[in-house]
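None of these values were measured; they are calculated from a predicted model.
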Amino acid sequence: MTRVPASLAQPRLLWLVAAVVAAAALFSSPGFFIIDEMIYYHGARAVAEAGSFVVDNGYETFRSASLGVWLLVAGPHGLVPQYPAGNALLGAPLVALLGPRGLILLNAAAAVVAVFLCRRLARCLYGDEALALRAALIFAVCTFLAEYALGIWPQALGLCFVLAALLWGVRAVLDPAEGSLRLALLAGGAVGIGMLFRLDTLLIVPPLALWAVVVAARPAPLLAAAGLGMLPGLAVGTLLNWIKFGVASPVTYGLSSGGVDPAGHLGALGLCLIAGLAALGVRAAGAQPRGRLLVLGTAAAFLIAAASLPAAQPHLARAAHGLVALIVDATVIQADHRGIVAAADGTVSFSGLTKKALGQSLPWIGALTFLLAVRWRPEERSRHVLCLLVIVLWALPFVMRAWYGGLASNMRYLLPILPVLAILLSVVWRDLASREGAAGARDGFIGVGLALAGLVTVTALHPGGLAAVQQIAATWLLGAIAVLGLLAAAPGRLLVLRVRAARVAIAMGLTAGFVFGALLDPMMSQVRRTQFDHLNAAYAAIPERSLVYGGPAAAYAFQLSRPEGLLALEARDSGGIDTALLNAALERGYSVYASGPVHLRRVLDADPALSVVGSLAAGDLHTLYQIGRAPAP
């Protein structure tokens, strides 16, 4: 077991991280990064100001779907945010006091709690304080947690409930004492309440349930208690969704399709079903290795046979593409979005952002090849299995749909597996540092120096600059770490040299994760937020009684705060322009604007009777064109 000085084994460094996050949250930009954040904020504002979930946006007057701005859904009482209502209810008092910054502070606090929960989870799994502290620090500063600690969308808040459920679930299984049922009840409660903020909290249930079936002494009472614990949260979610959408379901966005539609996840659900049957078979086989291998071999054969069916081939191809795009190389993403632009230098821009796959954001995850190649310590096998189940089953729905998470610098939907990845890397570093007695600290410093030198060199010499570092060099580093991890796991000659090379490479990957996740991604996010904040301030000069047509919606978020301000977008699927809405607004005396030349051309092409009667420019960033009726010839 790796030993560290007692002073370092205390969470003082974590409190330093907490202080930095708090300071950053106080001074970060309150601008909106994307339309999702705008909707989250106005949902909380509606609760704070009117005690209602309805964000009117003129829908009662004009009844146009364009006023739903993609993420507002028509419910029994008007337009409501499609997202779960928990964030609006919890954030409403903070929004009333501090505006958008109230939600930022809420997420900053949640991110800090998540870091401490990561430490407790690692300590619960592996019983090593130094390993736990190292895992928490990796999670805090060498991943992209920082960006969501300073955001308005509730990713960090949802992460807290996932980690709480995981921690309580692990304790319930590993400690069959009197409190196990209570802990299982708490784990289920964390899932149920977490779904009031992020529906994907539910994804932690399959890995925990499968693991409990195999490992727990008496899994049935634990699973029953966990299910019972989920019921209050599910009941509240159902009630809130009935109020918002008129739909009696805890898992809905008020729509018939999309990411919460079970029909879109049949492949992932089928794999989970097979995994569940295999887990039951493994438990029935008991401690007999041959029996367990027979069960797992049967499940693998069934999967191979199912995959050979012609009907499965398109789904497998999509899953393979999703695996590469989400985990290895984001430049292969194939999305029908005009903001995705491939450059001749091999990089791809996503509306000005350098999107990265998980392995490009965190090249150090390549070191997990070491863990998969070595013989596991008997007392840690079940712990490793749980961590791998969480990683695979959480990512599975997104991989199967090849869903890259929309506009962001990273794979934000995979945020909840980052603490588990950090814990496993901490295990790898412990095992590498104990091999052959070689000092790990020296290798770490060498890796940091090489990574910084490489970052500067690639930025200076490659035509893609920083984008090339993140999308090209990071991919090569990911592959190199994976190969060196395998080499370090193999016994034989030059073992010390191979182990040291692996540690140096991992340190390089951690440095890259820090530069990308703690520096570049938050910096680009703050630049974008500041731009939209300035645009909102500049365009607030338009009349109160006005309609803005077109995006980016985050530039005109102020319209949703005005009693007679309207914001409309083209149809999300077809891109169609609702000219009837524009003409109706003009007839009622509204000032009507088109956002930028692209939306202006679409409006004029859709209705030649309209013409430009004025404009308002906000520096060089954007222009609003006022629209009126064309004069009669």
Side-chain angles (χ1 to χ4, degrees), residues 28-43 45 55 57 64-72 79 81-83 100 103 147 150-153 335-341 348-355 404-409 412 521 523-542 546-562 565-578 581-582 592-603 615-627:
S28 62
S29 171
F32 302 112
F33 180 82
I34 196 173
I35 185 174
D36 304 59
E37 290 198 326
M38 181 187 83
I39 298 301
Y40 275 115
Y41 165 70
H42 283 290
R45 184 190 60 80
V55 181
N57 198 29
S64 170
S66 292
L67 295 170
V69 291
W70 295 356
L71 303 180
L72 294 174
L79 292 177
Q82 69 174 22
Y83 299 114
L103 294 180
E147 182 171 357
L150 305 178
I152 291 171
W153 45 22
D336 184 16
H337 192 288
R338 60 180 177 269
I340 300 179
V341 179
V348 177
S349 172
F350 293 75
S351 297
L353 298 175
T354 304
K355 183 86 173 183
Y404 65 98
L407 186 61
S409 296
R412 58 190 174 93
D521 288 0
M523 180 183 71
M524 295 306 299
S525 175
Q526 289 300 305
V527 168
R528 182 180 175 87
R529 292 176 187 280
T530 300
Q531 288 176 343
F532 281 140
D533 197 32
H534 289 169
L535 284 173
N536 271 271
Y539 287 135
I542 66 175
S546 60
L547 182 152
V548 174
Y549 206 110
Y556 313 107
F558 66 92
Q559 283 288 87
L560 298 184
S561 300
R562 294 176 158 187
L566 307 179
L567 177 60
L569 294 179
E570 67 272 18
R572 188 167 191 176
D573 296 328
S574 66
I577 303 294
D578 186 358
L581 169 63
L582 304 185
V592 177
Y593 298 87
S595 169
V598 173
H599 287 100
L600 173 64
R601 177 48 49 197
R602 291 177 181 173
V603 167
S615 64
L616 174 65
D620 298 328
L621 295 174
H622 212 38
T623 301
L624 273 181
Y625 297 93
Q626 187 171 2
I627 297 173

Item to complete: Among Tyr41, Phe532, Trp153, find the residue that satisfies the ring-ring contact (aromatic ring centres under 6.0 Å, His included) test when tested with Phe33.
Response: Trp153
Worksheet item: Under 3.5 Å, is there a donor-acceptor pair between the side chain of His599 and the main chain of Glu570?
Response: no
Practice prompt. For residues Tyr539 and Phe558, establish whether the separation of their ring centroids is below 6.0 Å.
Written response: no
Worksheet, complete the sentence: Only one of Ser29, Ser28, Pro30, Ser525 passes side-chain contact (heavy atoms from CB on, under 4.5 Å) with Thr530, and that residue is Ser29
Response to the item:
Closest non-hydrogen contact found for Asp533 with Gly31 is CB-CA, 4.0 Å
Practice prompt. First locate atom CG of Leu624, then atom OG of Ser595, and finally report the distance between them rounded to the nearest 0.5 Å.
Written response: 6.0 Å
Worksheet entry | Side-chain heavy-atom pair Val603, Tyr625 within 4.5 angstrom cut-off | no
Worksheet item: Distance from Met523 atom CE to Asp521 atom CG, nearest 0.5 Å?
Response: 9.0 Å
Worksheet entry | Backbone N/O of Leu353 and side chain of Ser409: donor-acceptor pair under 3.5 Å | no
Worksheet item: Counting distance only, does the side-chain N/O of Arg45 pair as donor-acceptor with the main-chain N or O of Leu560 below 3.5 Å?
Response: yes
Worksheet item: Can you tell if the side chain of Pro81 reaches within under 4.5 Å of the side chain of Leu72, non-hydrogen atoms only?
Response: yes
Practice prompt. Specify the closest pair of heavy atoms between Ser615 and Thr623, including all atoms of both residues, with the distance to one decimal.
Written response: CB-CG2, 4.1 Å
Worksheet item: Is any side-chain heavy atom of Trp70 less than 4.5 Å from a side-chain heavy atom of Ile39?
Response: no
Worksheet entry | Test side-chain contact (heavy atoms from CB on, under 4.5 Å) applied to Thr354 and Ser349, step by step | CA-CA 5 Å; Thr354 304; Ser349 172; over 6 Å; no
Discussion item. Tell me whether Asn57 contacts the main-chain N or O of Leu567 through its side chain, where contact means a donor paired with an acceptor under 3.5 Å.
Written reply: yes
Worksheet item: Sub-3.5 Å donor-acceptor pair from the side chain of Gln559 to the main-chain atoms of Ser546, do we have one?
Response: yes
Fill in: Minimal non-hydrogen separation, His42 against Ser561, with atom names
CE1-OG, 3.0 Å
Response to the item:
Rounded to the nearest 0.5 angstrom, the CG-OH distance for Leu582 and Tyr593 is 13.5 Å
Fill in: Gap between atom CZ of Phe32 and atom CD of Gln531 - 0.5 Å precision
15.5 Å
Worksheet item: Val69 versus Tyr556: any side-chain heavy-atom pair under 4.5 Å?
Response: no
Worksheet item: Would you say the side chain of Asp36 lies within less than 4.5 Å of the side chain of Leu407, judging by non-hydrogen atoms?
Response: no
Worksheet item: When you measure from the side chain of Ser66 to the backbone N and O of Leu569, does any donor-acceptor pair fall under 3.5 Å?
Response: yes
Practice prompt. State, yes or no, whether a side-chain contact exists between Leu547 and Leu581 at a heavy-atom distance under 4.5 Å.
Written response: yes
Practice prompt. List the steps and the verdict of side-chain contact (heavy atoms from CB on, under 4.5 Å) for Asn536 and Met38.
Written response: CA-CA 12 Å; Asn536 271 271; Met38 181 187 83; over 6 Å; no
